[in-house]
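A short write-up of the structure that comes next.
Below, read A as the first sequence line, B as the second, and so on, with proteins coming before strands; counting in each chain starts at 1. Quick note: numbers below take in every heavy atom, side chains included, and nothing from hydrogens, waters or symmetry partners.
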Amino acid sequence: MVATTRFDLELTMDSGQTPTFTWMKIGSQHYKKIGGGHEIRLGENKELQPSKGFEKQSREMLRLDDDLQGIYKKISRGNKVLQSAVAEYSGLRLTKSDAWETTVCFLVSQNNNIARIKKIVSGLHGKTGIFSPLEILEADLTPLKLGYREEYLKKTAELICENGFSLPKISKLGLIDAREALMELPGVGPKVADCILLYGFGKTNAFPTDVWVKKAMQEYYGIKSEKQIQEFAESTWGENAGFAQQLLFLKARKEL
DNA sequence: CCCCAGGCACAGC
DNA sequence: GCTGTGCATGGG
């Protein structure tokens, strides 16, 4: 496949993006889709080796058409924080997964830790992959101990199945309109919406702000309020804000 | 017992 | 509009 320099599959797949919750680690550079059968690994020369029939999807998921070097160079110019982050995480790629899958993952993610999110999302898979909205409606989810998030998931599935709520339609909207539309879903606030926009729709101008990114923005840039954070990200990084966010998330979790 | 985790809904200003 | 509080669950 594509010869990509400085591509770290493990770093990418374990970086808290959607694949962290929907792929199983087989080896450090070898992953398998939960309930799906697709596999992906990185060879000796950093060449991507997707299993048969997954070639095209893997390109999309790992966003291989991004000029990552160029983007990282651009967003770190004159920015010491991102310079150090890029130096440390140069093998990190942004990912793009299925919108529904991403919605499920980040509905579950709220006020929760990554290990438990993984466990729960894994339990939300059937033989063919993650539960469809209909399967969510019909399943008994109580053994998964979702807590108050179970109702969010059920009601979201219901809106999609019975009330014509359409994720594909929302994906066609601009950032602001799409964000507002997603927030009509129960359990979807600004942060979860931004994760769906970035990791599920591929809108790279989205800037999800969780507790870690919030810490990063305060510590590195002296910015506190949600509104200021969004404005800063938009004016500083624009269409590449999502890339900056992923770097800041990793940096904050390590340092702060 | 406490606090925290890739937050949100809701109430009260 | 912004700010505080309760929330299921599990881990440290």
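- Using a 30° and 60° split on the angle between ring planes, A:Y221 and A:F232 fall in the tilted class, from 30° to 60°.
- To the nearest angstrom, P of C:dT3 lies 10 Å from CD of A:Q228.
- Per the geometry, NZ belonging to A:K251 stands 19 Å off C1' belonging to B:dG6, to the nearest Å.
- Computed from coordinates, the A:L247 CG to B:dG6 P distance equals 18 Å when rounded to whole Å.
- For A:P190, counting side-chain heavy atoms from C-beta on, the closest listed nucleotide (C:dC2, B:dG6, B:dC8) is B:dC8.
- In this structure, A:F106 atom CZ and B:dG6 atom P are separated by 11 Å, rounded to whole Å.
- Comparing C:dT5 with B:dC3, their C1' atoms sit 16 Å apart, to the nearest whole Å.
- In this structure, CD1 of A:I114 is placed 15 Å from C1' of C:dG10, rounded to the nearest angstrom.
- Residue A:E226 contributes atom CD, which lies 14 Å from atom P of C:dG1 at whole-angstrom precision.
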**OP:** If a protein heavy atom is under 4.0 Å from the base, mark B; if only from the sugar-phosphate, S; if neither, -; do that for nucleotides 4-9 of chain C going 5' to 3'.
**Re:** ---BBB

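- Each of A:M183 and A:Q245 was matched to the nucleotide of DNA chain B holding its nearest heavy atom; the match closer to the 5' end belongs to A:Q245.
- Within the nucleic acid shown, A:Q246 comes within 4.0 Å of at least one base atom, counting heavy atoms only.
- Looking only at distances, no side-chain donor or acceptor of A:S76 sits under 3.5 Å from a matching main-chain atom of A:Q83.
- Residue-level contact check: A:P186 touches the backbone only, with heavy atoms under 4.0 Å from sugar-phosphate atoms and none from bases.
- Ranked by how close their nearest DNA chain C nucleotide is to the 5' end, A:K119 and A:K227 are led by A:K227.
- Distance, A:L185 CG to B:dC8 C1': 13 Å, rounded to whole Å.
- Take the nearest nucleotide of DNA chain B for A:T209 and for A:V188: the residue whose nucleotide is more 5' is A:T209.
- A:W212 has its CH2 atom 10 Å from the C1' atom of B:dG6, to the nearest Å.
- With B:dG6, B:dC8, B:dA5 as the candidates, the nucleotide lying closest to the side chain of A:K215 is B:dA5.
- A salt bridge (Lys or Arg N to Asp or Glu O under 4.0 Å) check over residues 236-256 of chain A, counting only residues at least two apart or in different chains, returns the pairs A:E88-A:K254, A:K251-A:E255.
- When the P atom is used for both C:dA8 and B:dA11, the distance is 15 Å, rounded to whole Å.
- You'll find the side chain of A:Q29 reaches within 4.5 Å of the side chain of A:D8, heavy atoms only.
- Using a 4.0 Å heavy-atom criterion, one finds that A:G187 contacts the sugar-phosphate atoms exclusively.
- Comparing C:dG6 with B:dC2, their P atoms sit 13 Å apart, to the nearest whole Å.
- Looking only at distances, no side-chain donor or acceptor of A:D66 sits under 3.5 Å from a matching main-chain atom of A:L68.
- No engagement by A:T20 is indicated, since no non-hydrogen atom pair under 4.0 Å with the nucleic acid exists.
- Here, B:dC1 and C:dG10 have their C1' atoms 16 Å apart, quoted to the whole Å.
- Between the side chain of A:Q17 and the main chain of A:R93, a donor-acceptor pair closer than 3.5 Å is present.
- With A:L124 as the fixed residue, the side-chain contact (heavy atoms from CB on, under 4.5 Å) test singles out one of A:I136, A:I34, A:T22: A:I136.
- No more than 12 heavy-atom neighbours from other residues, nucleotides or ligands sit within 6.0 angstrom of CZ on A:R41.
- The residue A:F21 sits apart from the nucleic acid: no heavy atom pair falls under 4.0 Å.
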